[in-house]
Amino acid sequence: MRYISTRGQAPPVSFLDAVLQGMAPDGGLYVPERWPELDFSQSLSATHFTFAAMRVLEEFAAGDVWYEEDGLAAIVNAAYIAAPADSDDETWRPKWPKAVTPLRQIGPGFWALELFHGPSLSFKDVAMQMIGPLLDLALKRRDRKLTVVCATSGDTGGAAVEALKERERIDLFVLTPRGRVSDVQRRFMTASGADNVHVLEVDGDFDACQMIVKSLFADSDFAERASLSAVNSINWARIVAQSVYFQTAARTLSAPGPVSFVVPTGNFGDAYSGWVAKQMGAPIDRIVLATNENDILSRALATGRYERGASKATLSPAMDIQLASNFERILFEALGRDAEGVRQLYSNLAQEGGFDIPLRALAWLRETFDAVAVSDAQTLFEMRENSKCEGELVCPHTAVGRAARVAGGGSPRVFLATAHPAKFPDTVERATGVRPQLPAKCADLFERSEKFDSLPADAEAVKQYIRERSRAWT
Ligand SMILES: *Cc1c(COP(=O)(O)O)cnc(C)c1O
């Protein structure tokens with residue numbers, strides 16, 4: 001399996017190179033040259049999550065020889081099955097529940113897919129826990145070191161820290177917008193105590209952080225000398241890992257017909273993973289994009305114009321994103337894989353701040369995707385209703401999805417629950433009057449000491465910072 005760029009001007013690469021590079025050198029994103037079909041002979045509800053993860057990974061890494069025979073099994077086991085407890089360690093807790101991504105019925109025809117049971121309590125852990133051992137194995141094979149950069153609106157950072165802390169061949173640099181993340185989110189980044197983790201609070205919003213990461217890659221001399229890689233939601237490995245729970249959930253619930261998913265969306269990564277699962281044959285009907293007031297995706301689907309607006313701080317900060325990076329991947333498909341067309345539209349975006357989606361591509365998108373924008377007031381209402389009627393606390397991002405319940409056609413509906421409510425205690429308490437408690441496995445989060453630095457939103461300052469600290473720098 002080879003990976004091609006959505007902008008068509010970079011040579012095809014292997015799975016491992018796509019993962020290590022993050023972004024293609026022509027500014028595009030890697031996508032597989034063809035879509036594999038997956039046929040599961042076993043009922044996925046009767047197997048461990050790692051079984052489906054293995055099967056999916058095998059397809060996308062096919063032909064890569066960097067892993068030994070048992071390499072992929074070792075990766076998924078390290079990711080989703082914790083090492084057994086040391087017999088007298090009282091503090092030991094498994095990283096995941098046995099179900100990894102439990103599916104829970106919340107109404108007639110409605111299910112919640114709980115993706116927040118990993119080490120940093122958000123769905124980002126599902127992918128990042130797999131990326132950790134995958135990079136480790138790959139770097140050992142190639143005898144290389146890596147500088148990993150990551151722009152985060154809050155949850156990617158914590159998940160990356162949990163997955164990459166104390167890895168010998170990796171230095172991690174996390175860029176996070178100052179004042180836009182919750183205390184719990186920040187502590188998952190800053191309180192790891194690991195020497196290879198560097199957290200930078202940037203004076204700007206998430207889009208500014210993401211722009212800096214892009215410009216680090218655009219400086220090819222810097223990128224090469226730092227041996228730079230990104231684990232943002234543009235990273236192909238994240239898409240692959242996230243597509244697994246769409247597979248398991250859809251194939252568990254699909255009798256007699258397909259199911260629809262409601263996905264709280266920012267960078268369009270998770271929703272695109274759902275489309276990938278559908279493309280590989282999972283019985284999926286519609287995918288509903290639930291955005292907060294940063295509604296570029298719902299405007300684009302409604303009007304056909306993809307246009308940057310002003311970024312707003314909302315109660316669901318992990319989705320305070322105006323430019324949804326992964327949208328480029330679905331646009332590439334919507335345009336019939338016309339890289340030249342993608343290039344043109346993105347050059348309009350750079351020059352004029354927007355582009356018109358060609359009509360046929362728009363119609364193609366609407367065949368699968370619905371989009372709904374949800375206000376902060378609706379989000380609070382949804383959280384209150386859930387608490388009052390069901391006694392259930394949901395995080396604000398999950399609530400954005402729940403509030404979008406009108407869309408999605410008549411199929412059974414799966415709502416992605418993307419973060420644990422205790423990651424956003426202030427918002428949850430404001431909505432419900434109840435302060436959610438951290439699970440036992442991370443109850444000491446506020447007792448650990450924090451470490452981070454502050455920098456202006458300036459790519460040169462970030463480069464300097466990395467140059468001085470990365471062990472991969474040559
Ligand atoms: C990142 C995140 C999202 C949005 O996911 P995308 O892949 O960026 O669309 C939704 N909810 C939570 C809690 C998140 O951390």
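As the structure lists them, so they are numbered: ligands from 1, and atoms in each ligand from 1. Computed from a predicted model, the values in this text were never measured in an experiment.
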Would you mind listing every ring pair (Phe, Tyr, Trp, His ring centres under 6.0 Å) that reaches into residues 308-334, with sequence neighbours excluded?
Phe268-Phe327, Tyr306-Phe327
Applying ring pair (Phe, Tyr, Trp, His ring centres under 6.0 Å) as the test, list every pair that has at least one member in residues 373-403; sequence neighbours left out.
His397-Phe424
Using heavy atoms and a cut-off under 4.0 Å, could you grab the residues that are in contact with ligand 1, chain by chain, numbers ascending?
Phe123, Lys124, Asp155, Pro264, Thr265, Gly266, Asn267, Phe268, Gly269, Asp270, Ala318, Met319, His397, Thr418, Ala419
Correct closest heavy-atom pair for Gly157 and Val174 would be CA-CG1, 3.9 Å
For salt bridge (charged side-chain N to carboxylate O under 4.0 Å, His left out), just list the numbers for Glu201 and Arg186, CA-CA rounded to whole Å, side-chain angles, deciding distance to a tenth of an Å, and then say yes or no.
CA-CA 10 Å; Glu201 255 197 4; Arg186 194 191 62 246; 5.0 Å; no
Check for me whether Arg55 meets the cation-pi criterion with Phe40, that is, NZ or CZ under 6.0 Å from the six-membered ring centre and within 45 degrees of the ring axis.
yes
Going by the rule side-chain contact (heavy atoms from CB on, under 4.5 Å), which residues pair with Glu166 if we only count those two or more places apart in sequence or in a different chain?
Ala194
